[in-house]
Amino acid sequence: MMLNFGAAILVLIAIFLFAAIKILPEYERGVMFTLGRMTGVKGPGLFLVIPFIQKMIKVDMRVVVLDVPPQDVISRDNVSVRVNAVVYFRVIEADKAIVEVEHFYDAVSQLAQTTLRSVLGKHELDEMLAERDKLNADIQEILDRHTDAWGLKVANVEIKQVDLDESMTRAIARQAEAERARRAKVINAEGEMQAAENLRGAAEQLAREPQALQLRYLQTLVDIAGENNSTIVFPLPMDLIRPLMDLGDAFNATGGPDEANRTTPTNGTETDADRGPGG
């Protein structure tokens with residue numbers, strides 16, 4: 001009888017030790033409650049928990065990846081879009097995460113959905129597409145401020161995708177095409193302006209040095225002769241045709257051959273118009 005009683009005591013002690021000994025890994029903490037009152041945080045490592053008197057709740061201290069479900073958002077310029085995001089957070093104070101909020105994971109999920117709709121609804125569609133980093137920072141700041149009382153730290157927020165209606169996608173494509181055409185026209189106009197400036201400078205330089213124009217003319221002939229063609233070009237110096245051009249200008253200035261005969265003496269004799277009545 002005494003042997004059976006001693007065996008029963010040993011079994012009870014083994015069961016007690018088995019229930020009392022707790023081992024937590026490095027990434028977990030145990031929030032201790034003694035008779036209903038929080039008495040501290042344990043772990044990691046080996047420690048004892050008194051059965052029926054103490055209770056331990058495990059808390060994972062690693063970074064949690066929270067996938068925010070797609071949310072229907074109406075932007076400030078009245079465009080309906082569907083946006084989903086991902087939130088990275090971790091528990092900093094295990095006692096607050098258990099005592100201050102019930103199911104902190106669900107609480108962060110609901111808060112992230114509400115904040116995502118609220119923040120994106122204050123911005124236009126172009127800002128959602130072009131300034132995504134700024135929106136991520138704004139959402140992270142709001143979530144971090146609200147979850148600080150829960151012992152949580154929001155490390156990062158990333159907007160994964162912004163889904164548009166098909167009609168809005170076509171409109172954006174047309175807008176982008178028009179923008180590219182506008183930039184092409186502006187670049188072309190700037191190129192024409194720069195080319196005109198360079199041509200004006202070249203003309204001024206050639207005007208100061210007439211020989212340079214002749215050299216440029218000869219260089220053009222060399223370029224033409226380098227190609228496989230049957231065109232024969234004979235260079236004509238400008239000095240040869242300059243007197244003819246001056247004579248033509250003088251001829252036009254005098255008003256034609258009649259005016260030239262009346263005003264220009266020939267062989268040292270006077271014309272009929274130059275003689276007087278008695279001549």
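This structure is a prediction, so every number in the text was calculated from the model and none was measured.
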| field | Steps toward side-chain contact (heavy atoms from CB on, under 4.5 Å) verdict (Leu48, Gln54) | value | CA-CA 10 Å; Leu48 296 177; Gln54 292 182 327; over 6 Å; no
| Looking only at heavy atoms, what is the nearest atom pair of Asn84 and Val68, with distance? | CB-O, 3.6 Å
Quiz: residues 85-112 side-chain donor-acceptor pairs under 3.5 angstrom, not counting sequence neighbours:
| residue | atom | partner | partner atom | Å |
| --- | --- | --- | --- | --- |
| Arg90 | NH2 | Met61 | O | 3.4 |
| Ser109 | OG | Gln113 | NE2 | 3.3 |

| Within the side chain of Ser118, is there an N or O that forms a donor-acceptor pair under 3.5 Å with the backbone of Thr114? | no
| request: Please round to the nearest 0.5 Å and tell me the distance separating atom CD of Gln71 and atom CZ of Arg117. | output: 4.5 Å
Which atom pairs, donor and acceptor, lie under 3.5 Å between side-chain atoms of residues 10-19 and protein residues at least two apart or in another chain?
none

| field | Test item: Asn188 side-chain N/O and Ala184 main-chain N/O as donor-acceptor pair under 3.5 Å | value | no
| query | Under 6.0 Å from the NZ atom of Lys122, do we count more than 12 heavy atoms belonging to anything else shown? | reply | no
| Criterion side-chain contact (heavy atoms from CB on, under 4.5 Å) against Phe33, the qualifying member of Ile53, Val49, Ile57 | Ile57
| said: Counting neighbours of CG on Leu129 that are heavy atoms of other residues, nucleotides or ligands and sit closer than 6.0 Å, is the number greater than 12? | reply: yes
| note | Nearest heavy-atom approach of Val154 to Gln140 is O-NE2, 3.5 Å
| Does the Asn136 side chain pair with the main chain of Ile159, one donor and one acceptor, at a distance under 3.5 Å? | yes
| What are the two closest heavy atoms between Arg29 and Val41, and how far apart are they? | CB-CG1, 3.8 Å
| task | State plainly whether one hydrophobic cluster holds both Phe47 and Val59, where clusters connect Ile, Leu, Val, Met, Phe, Trp and Tyr through side-chain heavy atoms under 4.5 angstrom apart. | result | no
| Looking only at heavy atoms, which two atoms of Asn156 and Glu158 are closest? And how far apart? | ND2-OE2, 3.3 Å
| request: Run the numbers on Met38 and Val31 for side-chain contact (heavy atoms from CB on, under 4.5 Å), then give the verdict. | output: CA-CA 7 Å; Met38 191 190 69; Val31 180; 3.9 Å; yes
| query | Any salt bridge between Arg180 and Glu177, counting N to O under 4.0 Å? | reply | no
| message | Working note: Glu124 + Arg76, criterion side-chain contact (heavy atoms from CB on, under 4.5 Å); need CA distance, chi angles, decisive distance, verdict. | response | CA-CA 5 Å; Glu124 298 182 356; Arg76 193 172 63 180; 3.6 Å; yes
| request: Decide if atom CZ of Arg145 counts as having more than 12 heavy atoms of other residues, nucleotides or ligands within a radius under 6.0 Å. | output: yes
